[in-house]
Amino acid sequence: MNRRDAVKMTASGALAALGASGVIPRSGSGSAAAQAGAAPAFALPPLGYAFEALEPHIDTLTMRIHHGTHHAAYVRNLNALVEKHPQLAKAPMEKTLAAITSLPAEIRDGVRNNMGGHWNHSLFWTVMTPGGAKAPSSKLKDAIDAAFGSVAGMQDAVNKAALGRFGSGWAWLGVRRDRKLAVFSTPYQDTPHMVSGVRGAVIGVDVWEHAYYLKHQAARGAYLTAWWNVVNWDKAAENFARATS
Ligand code: MN
């Protein structure tokens, strides 16, 4: 190992110890992998923008807790599962999630909740942005118009799915196997891969109370109205292109 490699390794080791969120892990949470100096299999991805960047639509404290506590917990729990079931780190998450019902019973719920939570939130941060396009790209808009009549019609359908989700879950705009757009909802941390006939997600909105309760209390509809202001239409276009290719 040359000196530059040694410096690189030291830097990445220090980053791993600090955690991707920049939060020093609590003592006692150190896994066998962490104690051995290996990076955990799954990491909390950075938001890509500041916690306050989505103000006034999505508040800073909600973003901080949502990312640094809730998402971080899914990642931590998932890494704990990987220690006992290392095969979970070897396949792409999408493949594992699509095959959730064939996983061994003793890890099925843990994977569903925690790998599902990690996947859903990792997408969620990317489909929000403080800047960028304020409307769907022309290709995505054409598909939206074909399926829902208009962008407003699509937003109504997503809002209905989100408001109709009893308890916790997600509402999605996604692409079906026939490459047409559809709106659907998933319970808890179930992902679009677990929905039969779905090819991919375009955008998704988290309707767990932790996503909106600090600012909106029980008013899920007010949160949804605010959320549409921060949708990352550039990312939506990219997701749509991938799911229809
Ligand atoms: Mn959440």
Side-chain angles (χ1 to χ4, degrees), residues 19-23 40 42-81 93-94 96-97 100 109-130 158-174 183-195 198 200-232 235-236 239:
S21 62
V23 176
F42 294 94
L44 182 66
L47 277 184
Y49 41 83
F51 292 112
E52 61 271 25
L54 305 180
E55 291 273 10
H57 309 296
I58 310 289
D59 64 287
T60 307
L61 186 58
T62 295
M63 290 301 292
R64 227 178 246 291
I65 294 173
H66 200 172
H67 182 263
T69 302
H70 293 279
H71 188 173
Y74 299 122
V75 172
R76 192 169 58 242
N77 293 338
L78 177 57
N79 282 322
L81 278 171
M93 280 198 281
E94 292 76 7
T96 304
L97 293 164
I100 190 77
D109 286 349
V111 172
R112 188 186 275 273
N113 294 339
N114 295 295
M115 187 182 280
H118 177 41
W119 192 92
N120 284 338
H121 287 86
S122 298
L123 178 122
F124 186 55
W125 312 129
T126 69
V127 298
M128 298 189 289
T129 182
V158 171
N159 290 345
K160 268 200 190 85
L163 291 166
R165 167 52 55 198
F166 181 75
S168 299
W170 294 74
W172 304 91
L173 173 67
V183 164
F184 56 97
S185 166
T186 53
Y188 304 107
Q189 295 299 353
D190 280 17
T191 67
H193 320 91
M194 299 174 194
V195 181
V198 168
V202 176
I203 52 174
V205 59
D206 186 342
V207 296
W208 283 58
E209 284 185 344
H210 68 223
Y212 60 88
Y213 206 87
L214 286 177
K215 184 173 170 114
H216 299 286
Q217 293 76 54
R220 190 182 283 184
Y223 157 67
L224 292 166
T225 302
W227 181 78
W228 285 109
N229 290 301
V230 298
V231 169
N232 184 346
K235 189 67 187 180
N239 292 341

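Indexing begins at 1, ligand by ligand and atom by atom, following the structure's order. Predicted model, so just to flag it, every value in this text is computed and none were measured. Computation of the quantities below employed the complete heavy-atom set of this structure, encompassing side-chain atoms and omitting hydrogens, waters and symmetry-equivalent molecules. The residues of the chain are indexed from 1 along the displayed sequence.
- Legend: residues meeting salt bridge (Lys or Arg N to Asp or Glu O under 4.0 Å) with Asp59, ordered by chain and number and at least two apart, are absent.
- If you check the side chains of Asp206 and Trp227, you find no donor sitting under 3.5 Å from an acceptor.
- Put simply, the side chain of Asn229 gets close to the backbone of Ala226: a donor and an acceptor are under 3.5 Å apart.
- With waters neither drawn nor counted, the protein N/O/S atoms under 2.8 Å from the Mn ion (ligand 1) amount to 4.
- Checked against the 6.0 Å centroid threshold, Trp125 and His66 count as a close aromatic pair.
- How far CD of Glu209 is from CZ of Arg220: 7.0 Å, rounded to the nearest 0.5 Å.
- A centroid separation of 6.0 Å or more is found between the aromatic rings of Trp208 and His70.
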